Amino acid sequence: GQQVMQIPQYQHVQEGEDFTTYCNSSTTLSNIQWYKQRPGGHPVFLIQLVKSGEVKKQKRLTFQFGEAKKNSSLHITATQTTDVGTYFCAGRKTSYDKVIFGPGTSLSVIP
Amino acid sequence: EAGVTQFPSHSVIEKGQTVTLRCDPISGHDNLYWYRRVMGKEIKFLLHFVKESKQDESGMPNNRFLAERTGGTYSTLKVQPAELEDSGVYFCASSQAGYNNEKLFFGSGTQLSVL
């Protein structure tokens, strides 16, 4: 079946350092979404990428969708303590397929 | 606008008992999903409703799990009888119908502990 993988599983950074999490799918994806879950909270939608090679930015966050539409990355520039949480990528094979989540990358930011 | 509502927020039951979780999606959202997260692992898909119909239930672990969505509004997920490995956080999510444009809105989850 379809699998979505993420690395690293955990990342500890000093405040102000950059952070990147990588997402890989075993199959080509129709689109990819990113969600953030704060400790004790629930996943919250961040962004969706649809086109091959697409790059989107949200302030200090940069999202990229690979040319083959099988991988994606999230890069945070100059992390802040508010960035703490688990970042999940989620993808679907077709537009009407179920959304499959990766295992997430847990980010800790040391002040 | 109200978000996705789930209750109870926590449930502690003994092995062999029955538990029913409820999810009220955002009004007007045809799509309703159930997911489970166990011990900080991935958010695992359980099933997907489109209105009152089960679109995909391939993630349901076994026949101890029964999900319903009567009238295409709220949904319930019953676990009977509960086993230890059923412990985890059960999330419900809803989304509007739309081609390639499904942003999932999650509820706060139900933390289920089976002792």
Side-chain angles (χ1 to χ4, degrees), chain A residues 1-10 21 23-26 28-52 54 56 58 63 65 69 85-108, chain B residues 2-7 9-10 21 23-26 29-51 53-61 67 88-111:
Chain A
Q2 179 190 357
Q3 285 188 317
V4 177
M5 297 147 283
Q6 277 183 261
I7 55 169
Q9 186 177 1
Y10 302 96
T21 173
C23 176
N24 287 283
S25 169
S26 57
T28 301
L29 300 172
S30 171
N31 61 43
I32 196 148
Q33 299 175 339
W34 286 90
Y35 292 78
K36 176 184 178 181
Q37 183 175 2
R38 293 181 186 273
H42 58 274
V44 174
F45 176 86
L46 293 177
I47 207 160
Q48 176 171 278
L49 304 169
V50 178
K51 299 176 183 176
S52 169
E54 189 171 12
K56 286 188 176 180
Q58 286 180 351
F63 304 84
F65 200 8
K69 300 185 75 172
T86 301
Y87 293 84
F88 294 95
C89 64
R92 46 162 48 108
K93 284 194 296 187
T94 69
S95 302
Y96 297 100
D97 215 340
K98 57 183 175 281
V99 179
I100 300 296
F101 281 76
T105 294
S106 178
L107 173 64
S108 299
Chain B
V4 178
T5 306
Q6 290 186 248
F7 59 91
S9 57
H10 294 82
L21 315 180
C23 169
D24 286 75
I26 293 173
H29 280 193
D30 287 343
N31 295 290
L32 187 149
Y33 299 83
W34 283 99
Y35 288 90
R36 177 173 71 180
R37 191 174 188 210
V38 177
M39 290 296 290
K41 293 185 179 177
E42 79 268 25
I43 301 173
K44 185 178 182 298
F45 169 84
L46 296 179
L47 91 158
H48 170 206
F49 283 100
V50 177
K51 297 185 180 179
S53 300
K54 292 177 183 176
Q55 180 78 8
D56 186 338
E57 54 183 329
S58 60
M60 295 288 264
V89 181
Y90 289 77
F91 287 107
C92 173
S94 71
S95 70
Q96 288 181 316
Y99 177 78
N100 219 22
N101 190 28
E102 274 195 72
K103 168 182 172 180
L104 299 184
F105 293 83
F106 279 81
S108 298
T110 295
Q111 173 78 59

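None of the values given here were measured: they were computed from a predicted structure.
Looking at A:T86, the atoms closer than 4.5 Å to chain B (heavy atoms on both sides) all sit in the side chain, from C-beta outward. For chain A, no part of B:S95 is nearby; none of its heavy atoms comes within less than 4.5 Å. Neither the backbone nor the side chain of A:V44 comes within contact range of chain B; no heavy atoms are under 4.5 Å apart.
Between the side chain of A:R92 and the backbone N or O of A:D97 there is at least one donor-acceptor pair closer than 3.5 Å. With B:Q111 contributing its side chain and B:H10 its backbone, the two residues share no donor-acceptor pair below 3.5 Å. Between the side chain of B:Q6 and the backbone N or O of B:Y90, at least one donor-acceptor pair lies under 3.5 Å.
Donor-acceptor pairing under 3.5 Å is lacking for the side chains of A:Q37 and A:Y35.
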